[in-house]
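Notes for the one structure printed next.
Just so it is clear, the model here is predicted, and its values are computed rather than measured. Here is the naming used below: chain letters follow the sequence lines, and residue numbers restart at 1 for every chain.
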Amino acid sequence: METMRKFERVCEIVDRNGRNPSRLIPILQAVQAEYRYLPEEILTFVATSLGIPPARVFGVATFYSLFTLKPKGKYLIRICNGTACHVKGSMGLYKTLSDKLNLGDGRETSDDMLFTLETVNCLGACGLAPAMVINEEVFGQVTSQRAAAIIDEIITREAQYESDSSRIE
Amino acid sequence: MKESLYITIDNNEIPIDNEKNLLEIIRKAKIDLPTFCYHSELSVYGACRLCMVEVDGIGLVSACSTTPASWMKVKTNTEEIRDMRKIIVELLLANHSQTCPTCPKSATCQLQALARRLGITKVRFKSQARDLPIDDSSPSLVRDANKCTLCGDCVRICSEIQSVGAIDFAYRGAQTMVIPSFGKDLNEVECVNCGQCARVCPTGALTPKPEVDQVWKALHNPRKVVVAQIAPAVRVALGEVFGLEPGVTMSGQIVAALRALGFDKVFDTSFTADLTVLEESNEFVKRIENNNNIPQFTSCCPAWVKFVEQYYPEYIRHLSTCRSPQQMFGALAKEILASDLGMEREDIVVVSIMPCTAKKFEAKRPEFTRDGISDVDHVLTTQELGRMIEEAGLHFRELEPESFHLPFGFKTGAGVIFGNSGGVSEAVLRYLTEKLTGQKRENYEFTSVRGEEGIREASLTVNGREFSLAVVSGLGNARKLIEKVKSGEAHYDFVEVMACPGGCVGGAGQPVFANMEAMRKRTKGIYENDRMLQLHKSQDNPYITELYSKVLGEVGGDKAHKLLHTSYHTRKRITDEGMMLSPSSGEHSVEVNVCFGTGCFLKGSQRLLHNILEYIKVRDLGSIVDVSASFCFEKCDKGPVIRVGENIIDGCTVEMAQEAIERETGGFLQSEGRDHG
């Protein structure tokens, strides 16, 4: 039912934008907000309902780095690697989290689909360097220890949530 | 009288006559400014920067995207411009896979030509060539991204002229590529195989898929009888490969060359074009009498047929059921020659020489294969035949002309003009006007259907009934026309469509041509050919008459239908998988699949799906029913369509869906001992 609910949301998004091809970017943004990525079959569907070739939609989706065609974790961790953050050791931070989550070598998302780790070039929060954003929440002057603690906290919360929901069932 | 305006180009005064941009005026002044991304029929892209010129008071501008004004003083050949051009070409070369000697575009490659023209002997930049995989999945085209200069000509012709958009730019910066959607192979997407992308590609990034090796192999096999058929448009273009002007008819030399290459028989596709005229005209008369599936669309062009199959399935029954002349020939050759020569069908090898890349796809359609043997075994483009002649070392221009073999080598002018937009319509008119009035006509030319416009309309009164015709070339134009027919804005009785602008003479298999002038000359050559022949009307072809009396029986009869007609089917634009929306938990399940293709979507598949899911919830069938959405069942004319188990339900209503689910699940529920009250 979850899949169906999402799919109905896509239909809604397309309708709300008047099936207007020039609204492609806002449509893709809304679709990505729903799925956390842009699934291929949904992009084909969007193209069909807007009356434009799928190749055009694929082109737009791959041009902007904010769009992703790969599934992302529930928690998207972005570590700022702008000049200020870099100087303040953002890459050490990245290494810590990458090791902790068993990522690296091109792997950005943990197997349990809980975390995705990325770098961004500047969050515009240089005063808080090194900065890290998890989903919408910004963390400033992050040390490796603090970052690890934040991740642990999320893992504990999620495990709690899992066992709660299994008990209800 | 309006005084004409002048512009100064390299100290010469050049008049401005409605040119859209500086580049056109500069070329009119007989200066061949280099370009990669400029084609007069496409939108201006301004990406390659090779047409940079200096305008006094402004500085450097790209000529293709600058509107001319009379005050402009333009320089095309300064030191700065020359240096810049060299750098641009060197940068392109640094990104380019430099395997020129083995590249199919070698000798006709514009990048190669430019490097030579600009005297580039060394590339000063480090090679950035990438080792990307070559996509040869399509039966018609080969895509080698390592040779792409990102000029975008292919992208624009595919979307602007053909309204298909099978390829587009993807990714960004140094990673930018021109690829089909989701990086799929070309044969998995909506490409119609017209090859216009390859026609405009300046390099070897998109090229027709060669079948030369297979043909040589057949020719060298003593057990095989290899027969050739030559399409009308080939004879006025092959000479270009050997330095002749476009439009010079070389039929005699082509026959001589093919015989020298080892072909046993050389026939003419124009003969089966004559046959098409009779079959297609009679089909048309029947449709008019029964007022059934009008307008009738021509079906000679395989790119157009695929276009209808994937975008306008509701119009499939409007396509003439006639096979294209290529396929009629293949069917006849395998049927008649095999029995005449006392040979097996598989030992007759039919090779077509076509101006077209889509014909390669057509020959491989399953409809044209009988008992595992294709009616047409190999399709060579005009370019490929040129290459074979070169390989054999024949002096093409000096060959003594020879004549086609009988009977399939004898044609009338009507069969020859098929090679040109408007030709099929004219050939049909030549037949219909006599057939319907029962009188012989002196004049045979119908100039009202000739011309260069992409959509032409004509009407003609025969026996008191007015017929309206449309002649279309370019699939974008075809889409415009079909939308008009759909909305009721226009009505036609007969519509001829050729996918390539100008018709087959402008096909992607023809020798590379840079401007529309070459195509005009080929067209002229085709009509001259018609005039030079003794007969101009298909019905006057004595070998056609003989074919009907000896083999086929009646026009449109049973035997003719078996050999000369076919059927079409709706097809997906993209191969994809369905999307599981509500998976069942049990092992034994009933699959319910709702089509969400455009046709069904517009006819309410969304509401239908919603109601089905509600119903499953209410009836508590969730554990044994899988519900998924897929993108096309290829039955778009009958939407909304769903599949329940093995059964496909057209025009499905909620009630019909419920009934089908009830029926399919009944068995499971009983066997599992569940009560579904």
Chain B contact via A:Leu69 - side chain, backbone, both or neither, heavy atoms under 4.5 Å: side chain

Neighbours of chain A found in residues 165-172 of chain B - heavy atoms under 4.5 Å: B:Gly165, B:Ala166, B:Ile167, B:Asp168, B:Phe169, B:Ala170, B:Tyr171, B:Arg172

So CD1 of B:Ile179 and CZ of A:Phe58: to nearest 0.5 Å the spacing works out to 4.5 Å

Check whether more than 12 heavy atoms from other residues, nucleotides or ligands sit under 6.0 Å from atom [atom1] of [X], and answer yes or no.
X        : atom1 : answer
A:Asp152 : CG    : yes
B:Glu591 : CD    : no
A:Arg146 : CZ    : yes

Heavy-atom side-chain proximity of B:Thr176 to A:Phe63 below 4.5 angstrom: no

Check whether any side-chain heavy atom of A:Glu12 sits under 4.5 Å from a side-chain heavy atom of B:Gln606, and report yes or no. no

On a heavy-atom basis, which atom in B:Ser181 and which in A:Pro54 lie closest, and how many Å separate them? CB-C, 3.6 Å

For B:Ser159, is it the side chain, the backbone, both, or neither that has a heavy atom closer than 4.5 Å to a heavy atom of chain A? side chain

